[in-house]
Asker: 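Provided herewith is a single structure, encoded as C-alpha cells, for subsequent inquiry.
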Amino acid sequence: LTAAFAALGLASALPPRIGTTVIGNGNGNGNGNGPSLGSGRATFKQARRPHYRFNGARAVYRTYLKYGVPVPEALLKAVAHTDALSSPEAMKKRATGSAAAVPVDERFDIAYITPVTIGTPPQTLQLDFDTGSSDLWVFSSHTPPSQIRGQEVYAPNKSSTAKLLDGQTWSITYGDGSASRGNVYTDNFAVGGLTVEGQAVECAQQVSSSFTSEEHMDGLLGLGFSTLNTVSPKGQLTFFDNAKSKLDSPVFTADLKYREAGTYDFGFIDKAKYTGEIVYVPVEMDPGYWTFTSSGYAVGSGNFNAAPISGIADTGTSLVYLPNSILTAYYRQVQGATNSANYGGYVFPCSATLPAFTFGIGEARFTIPPAYISYAPVTEGSATCFGGLQSSRGIGVNIWGDVALKAAFVVYNGENPPKIGWANK
Ligand SMILES: CSc1ccc(CNCCO)cc1
C-alpha cells in the first residue's frame, strides 16, 4: 500500500481503520450518540465489525477518492474483483459429499444401497438412492415389527434433533407395484460428509411385502425432482434440493458398477471416474423424472439406428425398458429367446451368446456388455435367464435403469435448466 501511495505522491495517510464502530459512552445528549457538552470529556470505545475482511484494492480506491485523484481503470477492476471474492456468497462454506453405492446382493445388481446417517446421535441406515422418485423414506420405529425383516430402523424418539411435521403424511406406489406410507419428521441427515439440517425424513408406518423382503434396504432416498414428492398437504424437498445451494457445484454423479460397489458424489465431478468427454443433453423435468432423449441404438456390431428415444435415467430401477421394436431387433439375435408371459418378459437359455447393446447420447456411444444383459436365472439355479432389456409397453415411459447406467458415468446437473451428462469409463 505504501508503494501505491508513494507512486501517487501521497502521504501514507491510511484511512481510519475501516470497521471501527464508534459508540458513545452514554454521557451524550440522551440518544446514546456523541459526547455531552457538559463534562467536556468523552471516551469512544472501538468495536470490531464482525466478519469484516480487509480489502486492499478498496482501501486504495477510497484514498484516491479522498484526495480527488482520478481512479485508473485497473484499480476499478481490482476493486470489483476483490469485492466478488469476499462477497458473503463467495465466502459461504462450500460442501461436497461422496458415498459408496453397494449392490444389495452379491450376485445380481437388483439395487444399490448407500449408507446415510440420521439424527443426533447419528443413526446409520442403508438407502436405495433413486433418481426415479422423490421421497426420502425409511423403515422406522413406526413400522409394524411384522413388516420388518432385518432392516435397520430410524427411531425419531431417540434423536434430540428430530421434529414431527404435524399433520403431514406420505404414501407412494412404485412402478413395480411396491408401496409404502407413513408420517414425517425433519432431522439432521448426512451422506458421505454432506449434512442437511431439517431434512424431511418420511417414516414408514406401512410397507409392502417386496420391501419387507429386501432385508438390506432400509428405505429410499429420492433424487428425482421435488415436484414428485408425495408428502401432503405440504410437499417436501429432496436431499439434493436441500443441499444444492451449499454445494461447490449443483450436481450429483452416479458411478454404478457391475456386481461391485460404485459411488454417488455430490457437489463435484471426479475426473478420475470417467474417460473422454462428458456429453450433456437437456432434461425435461416435467413431471419430475430426469427425462432425456437418446439419439438411437445398435444391436451388437450392427448399424446404429439413429432415432430419438425419450426415457428416464432411473438409478432405482434394475433393468432397461424400451419400445418393443428395439426389443424385437435385439432378441432376434439371441438363440432361444422368447417373450414369456409365464416369466413376464424376455427370457433365453443362460448358455445363449448375447450381443452387446449400444445406445447414443448425441454423437457419443455407450455399450452395455452382454454380461449385464444376461441378468439372472428366472428362479434360483434355473437354466433359463431373464433379460436385462425388457419392453416398456404398458409402463408409459422408457426407463434407462441400472443395467444401462452402470455402463456409464452419469452427471445429474441440477442447474436451471437441468441437464444430464454421460461419459464412458
Ligand atoms: C422392493 S425393492 C424396490 C426398490 C426401489 C423401488 C423404487 N424404484 C422404482 C422407481 O424408481 C421399488 C422397490
Side-chain angles (χ1 to χ4, degrees), residues 101-116 125-140 143-144 146-153 170-182 202 204 206-231 238-240 252 254 256 262 264 283-292 310-322 344-345 375-376 386 388-392 394-406 410 412 420:
V102 182
V104 73
D105 51 66
E106 65 286 346
R107 289 169 307 154
F108 318 113
D109 300 334
I110 290 176
Y112 297 84
I113 48 177
T114 297
V116 304
L125 277 72
Q126 309 290 334
L127 303 186
D128 181 357
F129 283 25
D130 180 9
T131 57
S133 64
S134 305
D135 282 53
L136 193 173
W137 72 263
V138 292
F139 278 73
S140 76
T143 310
S146 63
Q147 297 177 13
I148 301 174
R149 190 172 305 149
Q151 287 84 3
E152 295 297 323
V153 303
W170 60 281
S171 175
I172 193 165
T173 301
Y174 297 101
D176 61 358
S178 56
S180 49
R181 62 182 170 82
E202 301 168 31
Q206 287 292 323
V207 301
S208 62
S209 58
S210 56
F211 284 118
T212 299
S213 63
E214 276 300 343
E215 57 196 87
H216 301 299
M217 189 183 293
D218 307 329
L220 268 68
L221 185 144
L223 290 169
F225 293 94
S226 294
T227 44
L228 287 177
N229 181 266
T230 73
V231 174
T238 64
F239 170 75
F240 178 54
F252 66 90
L256 301 181
Y264 285 108
V283 160
E284 167 52 60
M285 58 192 283
D286 182 23
Y289 302 110
W290 290 86
T291 306
F292 69 96
S310 171
I312 69 171
D314 183 358
T315 56
T317 289
S318 315
L319 310 183
V320 169
Y321 297 86
L322 293 171
Y375 183 65
F386 199 74
L389 304 180
Q390 295 295 339
S391 170
S392 60
I395 298 179
V397 69
N398 297 312
I399 303 177
W400 301 92
D402 300 334
V403 159
L405 299 175
K406 60 189 152 182
V410 187
Y412 294 80
I420 188 166

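Both counts, for ligands and for their atoms, begin at 1 and track the order of listing.
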Asker: Ignoring hydrogens and geometry beyond distance, is a side-chain donor-acceptor pair present between Asn398 and Ser392 at under 3.5 Å?
Answerer: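 Looking only at side-chain atoms, Ser392 and Asn398 do form a donor-acceptor pair, the distance falling under 3.5 Å.
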Asker: Going by atom types only, do Gln147 and Gln206 share a side-chain donor-acceptor pair under 3.5 Å?
Answerer: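 The answer is yes; a qualifying pair exists.
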Asker: Going by atom types only, do Ser133 and Asp135 share a side-chain donor-acceptor pair under 3.5 Å?
Answerer: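 Short answer, no.
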Asker: Can you confirm whether or not the ring centre of Trp290 sits under 6.0 Å from the ring centre of Phe225?
Answerer: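 When the ring centroids of Trp290 and Phe225 are compared, they turn out to be within the sub-6.0 Å range.
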Asker: Can you list the residues that meet the side chain to side chain contact (heavy atoms under 4.5 Å, CB included) rule with Ser226, with sequence neighbours excluded?
Answerer: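 By the side chain to side chain contact (heavy atoms under 4.5 Å, CB included) rule, Ser226 matches Leu237, Thr238, Asp241.
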Asker: Is there any protein N/O under 3.5 Å from an N/O of ligand 1, and what does the full list of such pairs look like?
Answerer:
residue	atom	partner	partner atom	Å
ligand 1	8 (N)	Asp130	OD2	3.4
ligand 1	8 (N)	Gly316	O	2.8
ligand 1	11 (O)	Asp130	OD1	2.7
ligand 1	11 (O)	Asp130	OD2	3.0
ligand 1	11 (O)	Asp314	OD1	3.1
ligand 1	11 (O)	Asp314	OD2	2.9

Asker: Taking the six-membered ring for Trp, is the centroid-to-centroid distance between Tyr375 and Phe386 below 6.0 Å?
Answerer: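 So the answer is no for these two rings.
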